[in-house]
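Notes to accompany the following structure.
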There are 10 protein chains.
Amino acid sequence: MITTIILIKTEHAKINDVGNKLAELEGVSEVYSVTGRYNLIAVLRNKNLDDIDEIVTEKINGIEGIKKTETMIAYRLISKFDIAGMFDLGS
Amino acid sequence: MITTIILIKTEHAKINDVGNKLAELEGVSEVYSVTGRYNLIAVLRNKNLDDIDEIVTEKINGIEGIKKTETMIAYRLISKFDIAGMFDLGS
Amino acid sequence: MITTIILIKTEHAKINDVGNKLAELEGVSEVYSVTGRYNLIAVLRNKNLDDIDEIVTEKINGIEGIKKTETMIAYRLISKFDIAGMFDLGS
Amino acid sequence: MITTIILIKTEHAKINDVGNKLAELEGVSEVYSVTGRYNLIAVLRNKNLDDIDEIVTEKINGIEGIKKTETMIAYRLISKFDIAGMFDLGS
Amino acid sequence: MITTIILIKTEHAKINDVGNKLAELEGVSEVYSVTGRYNLIAVLRNKNLDDIDEIVTEKINGIEGIKKTETMIAYRLISKFDIAGMFDLGS
Amino acid sequence: MITTIILIKTEHAKINDVGNKLAELEGVSEVYSVTGRYNLIAVLRNKNLDDIDEIVTEKINGIEGIKKTETMIAYRLISKFDIAGMFDLGS
Amino acid sequence: MITTIILIKTEHAKINDVGNKLAELEGVSEVYSVTGRYNLIAVLRNKNLDDIDEIVTEKINGIEGIKKTETMIAYRLISKFDIAGMFDLGS
Amino acid sequence: MITTIILIKTEHAKINDVGNKLAELEGVSEVYSVTGRYNLIAVLRNKNLDDIDEIVTEKINGIEGIKKTETMIAYRLISKFDIAGMFDLGS
Amino acid sequence: MITTIILIKTEHAKINDVGNKLAELEGVSEVYSVTGRYNLIAVLRNKNLDDIDEIVTEKINGIEGIKKTETMIAYRLISKFDIAGMFDLGS
Amino acid sequence: MITTIILIKTEHAKINDVGNKLAELEGVSEVYSVTGRYNLIAVLRNKNLDDIDEIVTEKINGIEGIKKTETMIAYRLISKFDIAGMFDLGS
């Protein structure tokens, strides 16, 4: 399982539109509306690079209203993973 | 529960050091070693802004070898959350 | 009460338009027309992240003429707060 | 009364130090510890440009640990000013 | 008397147009056509921040062909300055 | 007479030092302490490029505490300029 | 034989289109769809600078959908070249 | 087999040193000394993300004289691959 | 004689067009099609700043297809000038 | 004959030192002290890429006081070349 993090800037009036379309895509695990210079952060969990390429290049980049993306692949998870806390996420 | 995402650049020889110290901090849920312009991405899940302030300002920024950070707070999770996939994360 | 500071670049001919629309929004406490690289700074005082998300993502980003925003949430006020001086603000 | 907003980056281990020293300065009304690319935002309320110059050039820039500042003067407050809400600020 | 310096980028075919319109504005003391990354530098001498706000926000930013501005207010003149010249300057 | 405008960033604790040294140099007409991303703006009035080169390359760049400079030569003054003031200006 | 590496940003919906057109050009040896701030990296192997100029200036820059390119010529290959591994590339 | 491309800036006096050390590392297929803003480009061919992480995080980032890296993973090779030409590469 | 160097970015499909139009202008001595972030570099040799202003502001900036220019004036030539080699230039 | 243009930033107190050392190098045709964000521009005329690599990587980058370089190779000269004017250059 490979984790990919994508920083996204959208057109100002389309943050929610883009966010909702991203969230519906298979392979996209989480989409956050965030503070700062970017509008959205998408987290993907995929089986291999071919799947990531298909989702990023064809599906995500085809969504209207995206102005800029920066894609980062996680080599590795350095972490004590707090599974319990995950269930409350965003609540 | 508030999710915070931090983009981190470290001194070149200290990526693993910083990554390990971040992963041990309470409130830090995941630390990824990533491709691109940054070296590490930390994901925090905290109860309130005071806790985030304490972790970011006092603990994370006190780790030696960090050169640059950009902190983004998630307002909201726009997502169908793939719980099943989460258990395999990073394996 | 959470304080949010937003740096805003607008289209050149729409600074006042955008400024006036921002000032009318509920949750927006102050809007400054400023020197430098940005045109406007908005200060928000809101109860929680959901309110900030709604104001920033739906209302502020829907205003026509905004080209770029950078949103910063204040974790904490480090301050001797000069209440007396506040009443004269901008006079 | 002139309002000045200063975006500040500090050395990573000195955010609180710098924040506390800023908050003690006469003419500095509020100091926020913030998310994003900057560490601190200081808000000044002063009588005239000479006072701002003295505070910014001599006092603020003399604080050890400041790496970068960007100073913006507010020409004007475009705002319905929510005085009632102000008293709860940061509580 | 407050001095304001504005760095301006214009559309490529409109440097002279924008320059001439700037030079005609009351409160604008000098306009230079310059080398480097910017096309024009305007120097303003005004009585107070309200005047600067009106000139910058309403008049200068309303000129067609301006793409980018960066406005800097001079706190203070550090200078062996020919005082005689000051009295006529920009008046 | 050629006008040169130099944007200057100094070390934080040396703004006044650098400003005073700049103001004492022959050929430097005005030095402003300014808001924004830069700390100082120097305006030079010189007879020819050789003089500008000597002042900029040898004298200004030899001042301790200067971190970054961006030098712009004015091709031309586009201006309703108070001609009377010109004769005294910088002379 | 001169190696040229080109970093390419395309319009979001045209990554594959541009990638396929690049791959068909004579003199273009490899085209990668990549993570990060760029969308594509093209590697060219050509006989001389005239050939590179023709391919880059006329053919590559004529492809619709390219927004930004940064072209780097390799002076020299510092390398133990793993020919065996090359045959498996991308499989 | 995963292809990784790394853009590298080194200290000015250490380009050859860093280049030679990179070329000796297992998993590093090619190292180019290049024109432009970067000094070196390394191309890696590895079996999986764990190997890339180890080479990039531990080995490459441990080389003295590296100032900045930007790592890009190729999702996919879009290419008619000119095998014949490969044998002459760099000769 | 004053030497001016101009870094130019053009629209992707218009590099040759812009290059040819630049080369035809009086006062423009050389135009290079270059690698890197820019597409063209123009070298001008002119008698005085007024001539440079006219060529840069009116003629060069009026050419359709230019997106960005950065103009640098040479104060001085620090050089053993290889006249003999000049005749072979570009051959 | 290949033309290479190098944009150079030096430490502030070492512009002349670096300029003189550059001018003495074989293969370096002209060195200009320039206005703007850079301090020096070097123009090289060399026979092939190996020579450029040796001069840039070993000789130029070994000069103390250089902070940043951006090297651009000219593919081609698009130009009516004003030979007559060349003899007066910089005089």
Exercise for the section: State, yes or no, whether a side-chain contact exists between G:L22 and H:I78 at a heavy-atom distance under 4.5 Å. Expected result: no
Practice task
Could you tell me whether the side chain of H:R76 reaches within less than 4.5 Å of the side chain of G:N16, counting heavy atoms only?
Solution key: yes
Exercise for the section: Kindly check if the number of other-residue, nucleotide or ligand heavy atoms within 6.0 Å of NZ (H:K47) is above 12? Expected result: no
Problem - 4.5 Å side-chain heavy-atom contact, G:T71 and G:I60 - result: no
Problem - Min side-chain heavy-atom separation H:E30-H:R45 under 4.5 Å - result: yes
Problem - Min side-chain heavy-atom separation G:M72-G:L7 under 4.5 Å - result: yes
Problem - Residues in residues 51-58 of chain H near chain G [non-hydrogen atoms, under 4.5 Å] - result: none
Problem - Residue pair G:L49 / G:I73, side-chain heavy-atom distance below 4.5 Å - result: yes
Handout entry: Contacting moiety of H:I41, where chain G heavy atoms sit under 4.5 Å
Key = side chain
Completion exercise
When the 4.5 angstrom heavy-atom criterion is applied to G:T4 and chain H, the contacting part is neither
